[in-house]
Amino acid sequence: MKNVGIFLIALIGMTLFSCTPQKTNNKTASKKTVKFITGKTIENVLDLSSKKKKIVFIDFYIDACAPCRLMDQEVFTNESVHRFYNKNFVNFKVDAIDFDYVNLALKYKVQEYPTLVFLDDKGNVLHRHYGAASAVKLLELGKIVMDSQVM
C-alpha cells in the first residue's frame, strides 16, 4: 500500500510539472508569423478589406485542435507564408466556439478545425478549405484565390 501512495504522489507531481507553463526563450517569442486580427467583428474586417483592397483570410480554430496548434507553430511562422499572407490578405483568426463567433462559424459552414476561408470585401466565400494545410498548400491556396479575384 505504501508503494501505491508513493506512485500516486509521483504521478501527481509529474502531471503538475507537465501542465506548468514553460518559459519561452526569446527566439520563439519573437518569431515572425502571420499577423492576425482578433477580437473584431466580421464587419470591421470586411471594412478593412475594402479599404486596403485585399481579400480576407479567416482561420477558424478551437483551442483543443492539435492540427490548429500545429499550423500556428509550423505553418503560420513559415517565412514564405507569413510574408505572402501579411502582404496580400487581411488575416482574421476566429475561435469558432467563442460565443461572439459561433454564428459566424455557422454562416461560413465551419464543419471541422481548422477551416480556412477566403472572402471578398462583401463577405462572399471565394474558397474554403477544411482541415490543416502545409505551408506549401497554404501558399497554393492563397495564390489560387488571388488569381481568381480582382479587387
Side-chain angles (χ1 to χ4, degrees), residues 11-12 14-151:
L11 183 62
I12 291 169
M14 288 188 304
T15 303
L16 289 175
F17 177 75
S18 68
C19 293
T20 304
Q22 302 298 312
K23 195 180 249 186
T24 342
N25 66 32
N26 287 337
K27 288 182 182 177
T28 304
S30 65
K31 205 173 203 181
K32 292 184 180 181
T33 187
V34 172
K35 291 178 177 73
F36 285 102
I37 296 169
T38 58
K40 299 288 184 182
T41 66
I42 188 65
E43 292 78 18
N44 296 137
V45 173
L46 293 174
D47 185 49
L48 184 60
S49 166
S50 181
K51 288 177 184 172
K52 290 188 171 195
K53 302 211 181 317
K54 292 183 177 182
I55 295 168
V56 175
F57 166 65
I58 305 177
D59 172 28
F60 284 99
Y61 75 99
I62 60 171
D63 288 335
C65 167
C68 300
R69 289 192 306 272
L70 181 67
M71 286 193 68
D72 285 343
Q73 295 166 2
E74 303 294 330
V75 178
F76 297 137
T77 58
N78 175 282
E79 186 173 349
S80 297
V81 170
H82 72 74
R83 282 187 182 185
F84 182 77
Y85 274 76
N86 291 341
K87 178 182 176 186
N88 296 297
F89 296 94
V90 173
N91 304 299
F92 188 33
K93 193 164 195 65
V94 175
D95 182 344
I97 59 172
D98 182 301
F99 181 77
D100 294 329
Y101 297 109
V102 170
N103 287 334
L104 187 64
L106 290 172
K107 177 180 179 177
Y108 290 113
K109 297 178 175 71
V110 174
Q111 298 173 355
E112 60 183 78
Y113 305 106
T115 294
L116 311 173
V117 179
F118 296 86
L119 307 174
D120 65 16
D121 62 348
K122 304 288 188 247
N124 301 309
V125 176
L126 302 172
H127 190 77
R128 182 183 294 110
H129 177 82
Y130 293 110
S134 67
V136 170
K137 181 66 175 179
L138 194 59
L139 287 168
E140 177 185 309
L141 290 171
K143 290 174 184 173
I144 287 169
V145 170
M146 285 184 66
D147 289 345
S148 70
Q149 213 42 43
V150 177
M151 294 212 46

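Fair warning: this is a prediction, and the values are worked out from it, not measured in the lab. Numbers here are sequence positions counted from 1.
Ring planes of F92 and Y101: perpendicular class, angle over 60° (limits at 30 and 60°).
Here K137 pairs with E140 in a salt bridge; the nearest charged N to carboxylate O distance falls below 4.0 Å.
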Contacts table for residues 70-77: side-chain donor-acceptor under 3.5 angstrom, sequence neighbours left out:
residue	atom	partner	partner atom	Å
D72	OD1	K93	NZ	2.8
T77	OG1	Q73	O	2.7

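A donor-acceptor pair is defined here as one N or O able to donate and one able to accept, closer than 3.5 Å; such a pair exists between the side chain of Y85 and the backbone of L138. Judged purely by atom type and a 3.5 angstrom limit, N86 uses its side chain to pair as donor or acceptor with the backbone of H82. For the pair K53 (side chain) and D121 (backbone), a donor-acceptor distance under 3.5 Å is absent. The backbone N or O of R83 lies less than 3.5 Å from no partner atom in the side chain of N78, so there is not a single donor-acceptor pair.
With values rounded to the nearest 0.5 angstrom, N91 atom CG is found 10.0 Å from L48 atom CG. For the atom pair CG (L126) and CG (L119), the distance works out to 6.5 Å, reported to the nearest 0.5 Å. Rounding to the nearest 0.5 Å places CE of M146 at 13.5 Å from CZ of F57. Note that CG of L116 and CZ of R128 are 11.0 Å apart. Values are rounded to the nearest 0.5 Å. Here the CD1-CD1 distance, from I37 to I58, works out to 10.0 Å after rounding to the nearest 0.5 Å. Taken from NZ in K109 to OH in Y130, the straight-line distance is 7.5 Å, to the nearest 0.5 Å.
Exactly one residue among V110, V94, I97 makes a side chain to side chain contact (heavy atoms under 4.5 Å, CB included) with I62. That residue is I97.
Side-chain contact between L46 and V56 is present, with at least one heavy-atom pair separated by less than 4.5 Å. In this structure, D59 and F36 have side chains that are in contact, with non-hydrogen atoms separated by less than 4.5 Å.
Minimum interatomic distance between P114 and P67 (heavy atoms only, all atoms of both residues): CD-CB, 4.0 Å. Closest heavy-atom contact between Y108 and G123: OH-O, 2.8 Å. Nearest heavy-atom pair across C65 and Y113 is SG-O, 3.5 Å. For L141 against H127, the heavy-atom pair with the smallest separation is CD2-NE2, 3.4 Å.
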Would you please test N88 and I55 for side chain to side chain contact (heavy atoms under 4.5 Å, CB included) and show each step? CA-CA 7 Å; N88 296 297; I55 295 168; over 6 Å; no

Apply side chain to side chain donor-acceptor pair (under 3.5 Å) to the pair D47 and S50, showing each step before the final yes or no. CA-CA 5 Å; D47 185 49; S50 181; 5.6 Å; no

